[in-house]
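Scroll down for the structure; my scribbles are underneath it.
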Amino acid sequence: MPLVSMKDMLNKAKAESYAVGQFNLNNLEFTQAILQAAQEEQSPVILGVSEGAARYMGGFKTIVAIVESLMEEYKVTVPVAIHLDHGSSFEKCVEAIHAGFTSVMIDGSHHPLEENIAITKQVVAVAHALGVSVEAELGRIGGQEDDLVVDDADAAYAIPSECKELVEATGVDCFAPALGSVHGPYKGEPNLGFDRMKEIDELVGIPLVLHGGTGIPTGDVQKAIAFGHAKINVNTESQISSAKAVRETLAAKPDEYDPRKYLGPARDAIKETVSGKMREFGSSNKA
């Protein structure tokens, strides 16, 4: 099955009250595990790729080639999108699109609203002409993910009226308003702004995106889905389970040196994590 954009899978998820997971790629084992989990769960899936991960894995084109080869090898039949996560500029988004990405996020959230709208419109014009979906962000999501670092003091909730203005002005396919989630592990209890979330959902009418899906209680996840979130991003939880498996394997066999012997269990741990999230988000058997 060819790669697809996020648009149809997220519209279907919003209409049917579940969410599709974005699971970030970090290396070959992450890519294998996520695709295997998606096929076994019969779940649509979004493969998130940060600019840092792209550099580490050999560039955007390399990632597309790896994904397409693995989809053929594993006989993947579920919808799969490759999505640029937190694209830093118009140029980076275009580079990813030309490499074969089927979806991009332009993160203009650190710019004033007018500038965020202007750069997002530029990306949408190119992407939509090529059938590529676009995600935008407003407000500042705290924590660290890859190259992106936002101090808690700088984190800011999205303003509902500004969300409506950005979505209507740009025509994006999905939208990530900052509502209290964070990238990376939580330092305390997650505190999502559900009242504002409900208001934004009613104002914008398109699928919402929840960044920092690791560590959010299932009840809060279900509430976020009820308030329009059709895409939930998870990376840290997969990384933690992967690292734990490597540590346990090498602790039990300190003389082990074959990477397949310790990265294999890491891959299995990632797959188990991703499968569990797909069931939690309600996307299993929705392909």
(Q) Less than 3.5 Å apart, any donor N or O on the side chain of Glu51 or Ser88 sitting next to an acceptor on the other? (A) yes
(Q) Whether the side chain of Arg279 engages the backbone of Ser284 through a donor-acceptor N/O pair (distance < 3.5 Å, no angle test) should be reported. (A) no
Q: Indicate, with yes or no, if Tyr18 and Phe175 share a hydrophobic cluster defined by side-chain heavy-atom contacts under 4.5 Å among Ile, Leu, Val, Met, Phe, Trp and Tyr.
A: no
**Q.** Check: Glu165 and Ile117 side chains under 4.5 Å, non-hydrogen atoms
**A.** yes
(Q) Can a donor-acceptor pair be found, under 3.5 Å and without considering hydrogens, that links the side chain of Thr170 to the backbone of Leu166? (A) yes
Q.
Among residues at least two apart in sequence or on other chains, which ones pass side-chain contact (heavy atoms from CB on, under 4.5 Å) with Ser161?
A. Ile159
Q | Heavy-atom check, side chain of Lys271 versus side chain of Glu40, under 4.5 Å | A | yes
Q) For Asn11, does its backbone N or O pair with a side-chain atom of Asp8 as donor and acceptor, under 3.5 Å? A) no
Q. OH of Tyr74: more than 12 outside heavy atoms within 6.0 angstrom?
A. yes
(Q) For a 4.5 angstrom cut-off between non-hydrogen side-chain atoms, does Thr273 reach Phe23? (A) no
Q) For Gln122, what residues pass the side-chain hydrogen bond (donor to acceptor under 3.5 Å, both in side chains) criterion, not counting sequence neighbours? A) none
Q: Compare all side-chain heavy atoms of Leu28 with those of Leu263 and state whether any distance is below 4.5 angstrom.
A: no
Q: Calculate, to the nearest 0.5 Å, the distance between atoms CD and CG belonging to Glu162 and Leu113 respectively.
A: 5.0 Å
Q | Side chains of Thr102 and Val4 in contact at under 4.5 Å (non-hydrogen atoms) | A | no
Q.
If we ignore hydrogens and angles and just use 3.5 Å, is the side chain of Ser103 paired with the main-chain N or O of His83 as donor and acceptor?
A. no
Q | Check: Lys12 side chain, Lys286 main-chain N or O, donor-acceptor pair, under 3.5 Å | A | yes
Q: Walk me through it: do Val45 and Met278 pass the test side-chain contact (heavy atoms from CB on, under 4.5 Å)?
A: CA-CA 9 Å; Val45 69; Met278 288 171 169; 3.7 Å; yes
(Q) Using side-chain contact (heavy atoms from CB on, under 4.5 Å), reason through Val172 and Ile106 one step at a time and then give a plain yes or no. (A) CA-CA 10 Å; Val172 290; Ile106 176 65; 5.8 Å; no
Q | Stepwise side-chain contact (heavy atoms from CB on, under 4.5 Å) check, Ile63 with Thr31 | A | CA-CA 9 Å; Ile63 291 170; Thr31 314; over 6 Å; no
**Q.** In one Ile/Leu/Val/Met/Phe/Trp/Tyr side-chain cluster, 4.5 Å: Met57, Leu3
**A.** yes
Q: Evaluate salt bridge (charged side-chain N to carboxylate O under 4.0 Å, His left out) for Glu199 paired with Arg196, printing each intermediate quantity in order.
A: CA-CA 5 Å; Glu199 184 181 355; Arg196 192 172 296 201; 6.0 Å; no
**Q.** Side-chain heavy atoms of Leu179 within contact of Ile200, under 4.5 Å
**A.** yes
Q | Met9 side, atom CE; Met6 side, atom CE - distance, nearest 0.5 Å | A | 8.0 Å
Q: Determine whether Tyr157 and Val209 fall in the same hydrophobic cluster, where Ile, Leu, Val, Met, Phe, Trp and Tyr are linked whenever their side-chain heavy atoms lie under 4.5 Å apart.
A: no
Q.
If only side-chain N and O atoms count, and only distance matters, is there a donor-acceptor pair under 3.5 Å linking His111 with Asn116?
A. no
Q.
Quick one, Leu84 and Glu95 - any side-chain contact, counting heavy atoms below 4.5 Å?
A. no
Q) Within the distance-only criterion (no hydrogens, no angle test), does the side chain of Gln22 pair as donor or acceptor with the backbone N or O of Asn24 below 3.5 angstrom? A) no
**Q.** Check: His98 and Val94 side chains under 4.5 Å, non-hydrogen atoms
**A.** yes
Q.
Can you give me the closest heavy-atom contact between Ser241 and Ser238, atom names plus distance?
A. OG-O, 3.0 Å
Q: For Ser275 and Glu272, indicate whether the former's side chain and the latter's backbone hold a donor-acceptor pair under 3.5 Å.
A: no
Q | Residue Asp258 excluded, over 12 heavy atoms near CG under 6.0 Å | A | yes
Q. How close do Gln39 and Val78 get, heavy atom to heavy atom, and via which atoms?
A. OE1-N, 3.6 Å
Q: To the nearest 0.5 angstrom, please state how far the CG atom of Leu208 sits from the NE2 atom of His229.
A: 4.5 Å
(Q) How long is the straight-line distance from NE2 of His211 back to CG of Asn233, given to the nearest 0.5 Å? (A) 4.5 Å
Q: Please identify each residue that fulfils side-chain contact (heavy atoms from CB on, under 4.5 Å) with Ser5, with sequence neighbours left out.
A: Lys7, Ser133
Q: Take Lys14 and Asp201 through the salt bridge (charged side-chain N to carboxylate O under 4.0 Å, His left out) test and state the conclusion after the steps.
A: CA-CA 11 Å; Lys14 182 174 171 64; Asp201 177 38; 2.8 Å; yes
Q | Atom pair CD1 (Ile46) and CD1 (Ile34), whose distance is rounded to the nearest 0.5 Å | A | 11.5 Å
Q | ring-ring contact (aromatic ring centres under 6.0 Å, His included) involving Phe101 - partner list, sequence neighbours excluded | A | Phe60
Q: Just grab all the side-chain hydrogen bond (donor to acceptor under 3.5 Å, both in side chains) pairs involving residues 59-73, residues at least two apart or on different chains.
A: none
Q.
I need the Ile270 CD1 to Phe30 CZ distance, nearest 0.5 Å.
A. 4.0 Å
Q: Evaluate side-chain contact (heavy atoms from CB on, under 4.5 Å) for Met1 paired with Val76, printing each intermediate quantity in order.
A: CA-CA 7 Å; Met1 182 170 179; Val76 172; 6.0 Å; no
Q. Which atoms form the tightest heavy-atom contact between Ser283 and Pro44, and what is the distance?
A. O-CD, 3.6 Å
Q: State which residues pass side-chain hydrogen bond (donor to acceptor under 3.5 Å, both in side chains) with Gln42; sequence neighbours excluded, sorted by chain then number.
A: none
Q: Using modelled atom types only, decide if a donor and an acceptor are shared between the side chain of Gln222 and the backbone of Glu280 within a distance under 3.5 Å.
A: yes
Q | Residue from Leu210, Val20, Thr218, Val234 passing side chain to side chain contact (heavy atoms under 4.5 Å, CB included) with Phe281 | A | Val234
